[in-house]
2 protein chains.
Amino acid sequence: MTSATKTPNATREHILHAASRLMTLKGYHSTSLDDVLRASGVGKGNFYYYFKSKEELGYAMLDRIILGFVERTLEPCFSDGTVAPLDRVRCFFDRVLEAQRQRNCVGGCPMGNLASELSDVHEGFRQRLAEIFTRWRARLTDALAEAQAQESLGPECDPAVLAYFLVAGLEGAILLTKVTKDIQIMEACVGELKAHLLLYTRGPR
Amino acid sequence: MTSATKTPNATREHILHAASRLMTLKGYHSTSLDDVLRASGVGKGNFYYYFKSKEELGYAMLDRIILGFVERTLEPCFSDGTVAPLDRVRCFFDRVLEAQRQRNCVGGCPMGNLASELSDVHEGFRQRLAEIFTRWRARLTDALAEAQAQESLGPECDPAVLAYFLVAGLEGAILLTKVTKDIQIMEACVGELKAHLLLYTRGPR
DNA sequence: CTGTCTGTACCAACTAGTCGGTACATAACT
DNA sequence: AGTTATGTACCGACTAGTTGGTACAGACAG
């Protein structure tokens with residue numbers, strides 16, 4: 001074995017990696033345990049050593065997806081306080097658009113997909129997913145509120161409401177892009193979302 | 001024969017009715033044939049007399065869903081030419097919101113759900129779903145273009161692009177409402193969508 | 001009798017999950 | 001030292017139940 005195999009439980013990681021990939025592509029129900037096992041090269045007994053059920057694997061995979069989304073997409077845009085708050089939001093739009101372009105309109109939004117598949121069918125997943133969207137929206141709300149405090153957003157705007165709408169707009173755009181396989185729709189929607197910000201914009205735009 | 005409906009093949013209708021209900025709630029893959037059979041009280045042999053596969057049932061169910069959506073939601077708003085075009089659009093928003101309220105945030109958008117579940121996994125369904133969204137958007141585009149011709153929408157607005165965005169906004173709003181089970185989010189998003197129209201609105205609003 | 005329907009029995013493939021058993025490293029006891 | 005025990009990591013056959021789909025015999029009309 002190579003010296004680099006210091007990894008504490010590489011097997012668990014293998015499983016999670018394969019599961020995330022498959023489930024974000026095919027969904028939770030349509031990804032069988034055997035699919036995951038085949039893709040990760042792990043035996044069944046070994047799987048049940050690390051996870052007590054498929055459900056628990058699902059939860060772990062969800063945590064992994066969230067982490068990836070937060071680290072790769074959300075934080076890079078919102079962590080830099082020197083950037084103007086509305087520009088942080090715009091940066092985020094562009095990043096989501098770019099991600100969609102890179103994936104060739106395949107896969108859609110992992111969180112949106114799971115939300116659509118499981119919200120009405122599995123309360124545990126629903127709650128976790130709702131929490132994710134809330135956290136996501138909170139990041140946007142904060143930036144919008146900051147913009148409002150700086151008077152680059154009008155006082156008639158409710159940052160929380162606007163944040164909901166922006167999340168919804170992005171999710172819907174991703175879905176439409178996924179089903180039509182046409183990235184231009186994503187571009188159009190991001191353009192409209194940016195224009196929507198102008199609706200409340202005061203001062204230099 | 002009764003004057004109203006002769007019930008040409010009631011069994012087929014029973015199956016379709018049960019299938020639509022179950023599949024819009026639980027999704028295509030998670031609805032088994034036995035589920036449909038149990039719910040409709042139809043035997044298996046009988047089922048395969050009317051449908052040659054589950055896939056074909058899915059297509060038929062999709063057609064049924066579309067028809068219902070068009071007849072119950074789309075047409076009532078857009079068929080009346082005497083209503084101002086932008087009011088037709090607003091009426092449509094309200095109708096979608098109302099539908100969501102009546103269903104207690106359960107189920108989401110049948111077409112959106114199927115799009116999310118099947119777009120990357122079943123090309124046949126993807127194409128049909130893409131076509132639906134296109135037709136839906138076309139209805140909006142026409143109304144918006146008419147508004148533009150009447151100069152109640154500014155010339156800088158691209159009706160096709162705006163229509164995409166409105167569909168995306170609605171789909172995203174329904175998804176967010178489904179996962180959070182909070183109708184207020186739907187209301188907020190519809191409010192923002194209406195506000196978005198104002199962005200391009202000229203003349204008396 | 002003939003063609004349209006319908007129910008029952010059945011199939012192979014697949015599902016999540018369980019089982020007994022193995023390999024191996026570290027520790028504990030003598 | 002030697003050997004006995006313990007915990008971790010792993011395997012693949014197996015179970016019970018479900019999946020979509022088929023075969024076929026009977027019913028019921030014209």
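In what follows, every chain begins at residue 1, and chains take the letters A, B, ... in the order their sequences are listed.
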May I ask you to evaluate whether A/N46 reaches the phosphate of D/dC11, defined as a side-chain N or O under 4.0 Å from OP1 or OP2? yes
Can you pull the ring-ring contact (aromatic ring centres under 6.0 Å, His included) pairs that have at least one residue in residues 102-129 of chain B, sequence neighbours excluded? B/Y28-B/F125, B/Y59-B/F125, B/H122-B/F125
Distance test, side-chain N/O of A/T11 to OP1/OP2 of D/dC10, below 4.0 Å: yes
Starting at atom CG of A/D35, determine the distance to atom P of C/dC14, rounded to an integer number of angstrom. 10 Å
Could you tell me the separation between the CG atom of A/L37 and the P atom of D/dC11, rounded to a whole number of Å? 9 Å
Partners meeting side chain to side chain contact (heavy atoms under 4.5 Å, CB included) with A/A188 (sequence neighbours left out): B/V161
Once ring-ring contact (aromatic ring centres under 6.0 Å, His included) is applied, what residue pairs with a partner in residues 171-199 of chain A remain, sequence neighbours excluded? A/F165-A/H196, A/H196-A/Y200, A/H196-B/H196
Can you see if the side chain of A/Y50 gets near the phosphate of D/dC10 - specifically, an N or O under 4.0 Å from OP1 or OP2? yes
Does A/E192 have any salt bridge (charged side-chain N to carboxylate O under 4.0 Å, His left out) partners at least two apart in sequence or in another chain, and if so, which? none
Quick check on C/dT15: is either OP1 or OP2 less than 4.0 Å from any side-chain nitrogen or oxygen of A/S32? yes
When only distance counts, do a donor and an acceptor, one from the side chain of B/K44 and one from the base of D/dG20, lie under 3.5 Å apart? yes
Presence of A/Y49 side-chain N/O under 4.0 Å of D/dA9 phosphate oxygens OP1/OP2: yes
Check side chain to side chain contact (heavy atoms under 4.5 Å, CB included) between A/L37 and all other residues, then give those that pass, not counting sequence neighbours. A/D34, A/K44, A/F47
Give me the bend of the helix from C/dC1-D/dG30 to C/dT30-D/dA1, using the axes of the five pairs at each end, rounded to 10°. 30°
